[in-house]
Amino acid sequence: MASPNHYDPPLAGVRILDLSRGPMTAVGRLLADLGASVTQVHLPGVTDEPPAPIAEGAGVDADSVGIAINRHGLSTVVIDPSIADDRRRWVHLLAGSDILIEDTRPGSDAEKALAARTIRAEHPGLVILSISDFGRDTSYRGWQATTPVLHALTSELSRSGIPGREPLVPPAGQLPYHVAAAQAAVMTVSVYLDRLRTGEADLIDFSILDGAMQTLDPPHGTVGTASAGVALSRQRRDWNAERLRYPIIACKDGHVRICLLAKRQWHGMFDWMGRPAEFADPSFDRLRVRLSSPELLAAVGRFCAGKTRAELEVAGQRHGVPTAAVLTLAETLGTEQVRSRGCFREVELAPGVSAPVPAGVVEIDGHRAVALTRTSHEEADGRRRPRHIDVAPLLAARDRRNEGLPLEGVRVLDLGVIVVGSDTGRLFGDLGAEVIKIENSAFPDGLRGNLTSMSPTYAAGHRNKRSIGIDLRTPRGRELAHRLVAMSDVVLTNFKPGVAEALGMDYQTLRELNPGIVVADSSAFGPTGPWAKRMGYGPLVRAAAGFTDLWVYPDEPESFCDTVTVYPDHVAARVGALGALALLLRRERTGTGGSVSVAQSEVMLSHLAAEIAADVLTRRGSVPSLRPHDAPWGLFPAAGEDAWLAVTVRDDADWHALCTVIDRPDLATEPDLATRSGRDAHRGRVDAAVRAWTSRRPAAESMDLLQSAGVPAGAVLHADDVAGWDYYVQRRAFREELHPHADEPFTMENVQIHSDRIADPPLLQAPLLGEQTREIAAELLGLDEIAIDELIANGVLEVPQSTQLAGR
């Protein structure tokens with residue numbers, strides 16, 4: 001790990017005013033941890049009163065603790081616009097800042113008082129991130145969201161839980177907000193980087209729902225290996241089938257999760273089990289045969305029953321079978337992996353109140369990026385604070401295509417695979433960067449499937465990229481890749497630790513070739529610690545990070561329901577992209593690049609930070625608050641097959657509005673239900689009344705009625721419902737394309753940034769493996785046709801198989 005004295009926070013010198021409240025304060029936390037100077041602003045008449053600070057011995061809940069974590073260490077200013085001196089001070093603050101974050105409710109007096117559009121006109125160099133639940137440019141701008149509503153309208157809930165029962169809301173009470181915050185941060189930093197190049201900023205109309213849909217488990221994005229090829233129309237809850245995908249097996253002291261996705265993994269399991277004759281048929285080499293065999297699952301269960309989790313983990317890794325213990329969150333936090341990596345540190349959230357909080361979610365140049373230690377680092381180093389920059393001298397000199405995309409002129413080499421790898425590079429491509437995917441058919445991306453055709457998931461994850469086939473195992477292949485590195489800005493990898501070094505594509509090697517290179521790597525558990533070289537599919541990471549154990553029905557500890565999701569892959573990709581963009585910004589003032597490393601398990605733990613800290617505070621003597629949610633709060637049946645509606649009441653106003661909509665004025669006047677504590681005490685009666693009303697109506701109809709009355713509600717959309725829902729249509733969230741190597745059109749995400757200046761993503765379709773090998777070799781490497789043909793013949797370069805066959 002790098003010395004603290006040599007750590008230069010990548011966003012140091014960036015000045016941010018943050019008017020947000022609630023869970024989206026996570027955006028400011030992400031940027032502050034990367035070094036930005038974030039100031040919380042209270043504007044009476046615009047922002048709500050800051051939440052009451054946590055006090056020693058007072059009641060605690062995860063929501064308030066989460067905000068305290070997000071705000072810890074940030075300065076606060078109070079500006080009263082009714083006072084002339086304060087108005088001048090506000091103008092001065094705006095003029096001296098780079099980014100403004102605000103979350104006024106659309107149509108509210110606060111929105112009018114802030115007048116973000118006026119601020120944009122008066123301060124054209126200020127990037128404004130304008131956050132709201134449903135955006136500000138559609139007829140849904142007045143709707144309101146909560147965690148269950150966001151999960152419902154992203155389609156996540158349609159894949160979570162046991163059929164016939166209510167969908168199961170995933171753990172981490174503010175999970176949709178956490179993932180949306182990562183998306184918002186990426187978009188904000190990319191627009192700010194563009195402002196340094198052009199002098200023109202922008203106002204981003206950011207919808208939390210859009211961010212959650214795109215970043216949690218997008219129905220039209222890249223999916224996990226076991227889900228690839230499953231039509232959206234068939235993506236319904238099938239708990240038994242899902243348990244076969246990434247099975248959880250009971251053993252002597254708990255449970256383990258085993259992945260048998262690749263043929264070599266199955267062969268390892270077959271040998272480990274003693275080569276049982278009933279599974280010797282070669283048909284078990286096929287994934288679909290294994291996934292449809294309850295007999296195989298039962299046999300694996302019998303094999304594991306008498307062994308401990310630790311024994312199975314060690315033996316599984318030895319046989320090449322991805323295996324992870326299903327740990328409780330407490331067990332995870334006590335592991336040597338978490339302790340050795342310093343994932344958490346004790347922080348005083350308020351006088352006399354301390355708790356463990358995440359030590360940042362990325363490592364920059366081998367150092368944990370966390371705002372809490374920035375000042376001490378600077379003092380130890382004896383340096384002045386990094387200078388503020390107003391221009392980006394390196395990127396401003398680059399040619400642009402003038403297509404209205406913030407990352408035009410940036411070149412990215414993408415060695416990423418599966419979901420994290422595909423999404424990280426795709427984000428850069430969607431924002432205008434030139435992305436070149438380096439790959440080889442000897443080790444194809446697991447999302448590809450057939451190398452001569454195109455799947456929807458590969459098309460979604462690798463659009464706006466070009467592909468060059470290079471065998472990095474050969475000296476000549478590495479030489480060619482290194483020549484590309486010398487003329488690039490970013491390299492993306494998500495190999496298991498050690499592989500990049502073996503291929504000569506690690507940061508230590510590449511910075512010698514190009515001191516300005518930025519290298520972003522993602523792995524399951526991080527580059528250090530006893531788990532560093534573990535095989536780490538997302539389901540294994542969730543099991544080891546304590547998430548799987550939490551994703552269960554109350555009082556049913558073995559009802560594990562996290563199988564179908566691909567979380568945290570998509571959000572980990574955003575965190576990696578954010579780190580890389582921050583390093584590109586730092587390069588503009590230092591001239592040198594850097595490295596960013598993301599551990600997917602630590603991204604997940606950061607999303608549980610509030611729950612972890614609240615639990616510690618409670619065990620140390622703080623009094624837990626009342627049940628965290630009012631009543632009703634949950635999923636209710638609607639008319640139709642497997643139709644559900646999320647209904648959430650936050651306060652007395654919501655309660656009275658709900659009673660009016662469901663035509664139960666008697667409940668509104670009942671003294672026992674007049675307060676939150678009363679409704680909590682009679683939750684069963686309240687839920688029964690709501691259930692009687694929702695079960696008689698289609699979910700969409702009930703949702704519209706409740707939202708019109710100001711009650712947050714959301715129909716549980718299925719994956720194939722999402723693109724056609726009117727909200728997403730108005731937001732231009734999806735588009736269709738017919739790929740030349742596919743039989744039918746694909747639906748995929750469209751708009752990434754809603755703003756005045758930023759264009760929709762380009763329309764470059766995902767390539768076959770090596771589809772642009774010849775043009776890249778000629779255009780960038782300067783090779784002639786004879787040299788290219790020779791390199792292809794020798795297997796150093798590769799073109800699509802169909803092209804090779806046609807040339808014979």
Side-chain angles (χ1 to χ4, degrees), residues 222-230 241-251 255-304 307 309-326 417-421 440-451 457 494-499 523-525 531-544 548 560 562-566 569 600-601:
T222 45
V223 299
T225 305
S227 300
V230 179
E242 289 163 10
R243 292 164 69 200
L244 292 172
R245 292 179 178 180
Y246 303 106
I248 293 177
I249 311 295
C251 61
H255 295 81
V256 294
R257 171 168 270 159
I258 293 177
C259 292
L260 299 174
L261 299 178
K263 183 169 72 173
R264 66 181 182 279
Q265 294 163 355
W266 160 240
H267 286 176
M269 187 78 230
F270 185 62
D271 289 339
W272 185 15
M273 294 172 66
R275 305 181 66 82
E278 62 267 38
F279 304 114
D281 192 295
S283 65
F284 281 94
D285 284 354
R286 298 198 297 273
L287 177 63
R288 294 202 177 281
V289 172
R290 296 195 298 274
L291 293 183
S292 59
S293 174
E295 295 79 12
L296 176 59
L297 178 63
V300 173
R302 291 191 296 272
F303 176 76
C304 295
K307 302 175 180 65
R309 293 179 297 177
E311 291 169 344
L312 290 167
E313 281 187 320
V314 171
Q317 298 290 329
R318 186 172 65 247
H319 284 86
V321 178
T323 307
V326 178
V417 296
I418 312 295
V419 180
V420 172
N440 181 265
S441 62
F443 297 94
D445 191 320
L447 290 183
R448 272 204 180 276
N450 190 327
L451 297 183
T457 188
N494 66 318
F495 301 123
K496 186 170 69 173
V499 174
S523 60
F525 301 105
W531 294 357
K533 294 191 176 182
R534 278 191 179 187
M535 290 173 280
Y537 295 105
L540 297 179
V541 181
R542 291 195 298 273
T548 298
F560 308 111
D562 73 317
T563 298
V564 77
T565 186
V566 292
D569 299 61
Q600 295 166 36
S601 59

Enquirer: Taking Gln265 for the side chain and Val321 for the main chain, is one N or O donor matched with an acceptor at less than 3.5 Å?
Expert: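 Flag not set: sc Gln265 to bb Val321 has no pair under 3.5 Å.
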Enquirer: Taking all atoms of both residues into account, what is the closest heavy-atom pair of Leu312 and Trp272, and its distance?
Expert: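 Looking at all heavy atoms of both residues, the shortest contact is O-CH2, 3.6 Å.
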Enquirer: Would you say the side chain of Ile418 lies within less than 4.5 Å of the side chain of Asp445, judging by non-hydrogen atoms?
Expert: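 Contact flag for Asp445/Ile418 side chains = yes.
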Enquirer: Would you name the heavy atoms of Thr222 and Val566 that are closest together and state the gap between them?
Expert: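 Of all heavy-atom pairs spanning Thr222 and Val566, the closest is O-CG2, 4.3 Å.
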Enquirer: I need the Ser293 OG to Leu260 CG distance, nearest 0.5 Å.
Expert: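 Spacing of OG (Ser293) from CG (Leu260) equals 11.0 Å.
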Enquirer: If you look at every heavy atom in Cys304 and Ile249, which pair is closest and at what distance?
Expert: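 Looking at all heavy atoms of both residues, the closest pair is CB-CG2, 3.6 Å.
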Enquirer: Between Ser601 (side chain) and Ala524 (backbone), is there a donor-acceptor pair under 3.5 Å?
Expert: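 Yes; judged by distance alone, with no hydrogens or angles, the pair exists.
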Enquirer: Taking the side chain as C-beta and beyond, is there a heavy-atom pair between Asp285 and His267 under 4.5 Å?
Expert: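 A side-chain contact under 4.5 Å exists here.
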Enquirer: Mind checking whether Thr323 and Arg257 have side chains closer than 4.5 Å, heavy atoms only?
Expert: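 When only atoms from C-beta onward are counted, Arg257 and Thr323 do not touch, as no gap falls below 4.5 Å.
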Enquirer: Specify the closest pair of heavy atoms between Ala325 and Val256, including all atoms of both residues, with the distance to one decimal.
Expert: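 What the structure gives for the nearest pair is CA-CG1, 4.1 Å.
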Enquirer: What distance separates Tyr246 OH from Arg542 CZ, expressed to the nearest 0.5 Å?
Expert: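 So the gap between those two atoms works out to 8.0 Å.
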Enquirer: Does some side-chain heavy atom of Arg534 sit less than 4.5 Å from a side-chain heavy atom of Glu313?
Expert: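 Contact flag for Glu313/Arg534 side chains = yes.
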Enquirer: Taking the side chain as everything from C-beta on, heavy atoms only, tell me whether Arg309 gets closer than 4.5 Å to His255.
Expert: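 Sidechains of His255 and Arg309: no contact.
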Enquirer: Just say parallel, tilted or perpendicular for the rings of Trp531 and Phe525, cut-offs at 30° and 60°.
Expert: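 Ring orientation, 0 to 90° scale: perpendicular.
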Enquirer: In sequence, state the C-alpha distance, the side-chain angles, and the governing distance for Val417 and Asn494, and then conclude on side chain to side chain contact (heavy atoms under 4.5 Å, CB included).
Expert: CA-CA 7 Å; Val417 296; Asn494 66 318; 3.7 Å; yes
Enquirer: Quick check: do Leu540 and Cys259 have side-chain heavy atoms less than 4.5 Å from each other?
Expert: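 A side-chain contact under 4.5 Å exists here.
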Enquirer: Shortest non-hydrogen contact from Ala442 to Pro444?
Expert: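 The answer is C-CD, 3.6 Å.
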Enquirer: In chain order, what residues pass the side chain to side chain donor-acceptor pair (under 3.5 Å) check against Arg275, with sequence neighbours excluded?
Expert: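 Partners of Arg275 by the side chain to side chain donor-acceptor pair (under 3.5 Å) criterion, ordered by chain and then number, come out as Asp271.
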Enquirer: Flag yes if more than 12 heavy atoms outside Lys533 fall under 6.0 Å of its NZ atom; otherwise flag no.
Expert: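 No, the 6.0 Å shell around NZ holds no more than 12 heavy atoms from other groups.
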Enquirer: Could you check whether any side-chain heavy atom of Thr565 comes within less than 4.5 Å of a side-chain heavy atom of Pro539, counting everything from C-beta outward?
Expert: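 With C-beta onward as the side chain, the pair stays apart.
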Enquirer: Between atom CZ of Arg264 and atom CG of Leu261, what is the distance when rounded to the nearest 0.5 Å?
Expert: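 That separation rounds to 9.5 Å.
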Enquirer: Excluding sequence neighbours, so at least two apart, what forms side-chain contact (heavy atoms from CB on, under 4.5 Å) with Ser441?
Expert: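 Ser441: side-chain contact (heavy atoms from CB on, under 4.5 Å) contacts with Leu451, Leu769, Glu798.
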Enquirer: Could you report the tightest heavy-atom contact between Pro294 and Ser292, atom names first, then the distance?
Expert: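 So the two residues come closest at CD-O, 3.2 Å.
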Enquirer: Roughly how far apart are Phe284 CZ and Trp266 CH2, rounded to 0.5 Å?
Expert: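 Between Phe284 CZ and Trp266 CH2, I get 6.5 Å after rounding to 0.5 Å.
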Enquirer: Calculate, to the nearest 0.5 Å, the distance between atoms CZ and CZ belonging to Arg290 and Arg286 respectively.
Expert: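 Those atoms lie 10.0 Å apart.
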Enquirer: Taking the side chain as everything from C-beta on, heavy atoms only, tell me whether Ile248 gets closer than 4.5 Å to Thr548.
Expert: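 Ile248 reaches Thr548 side chain to side chain.
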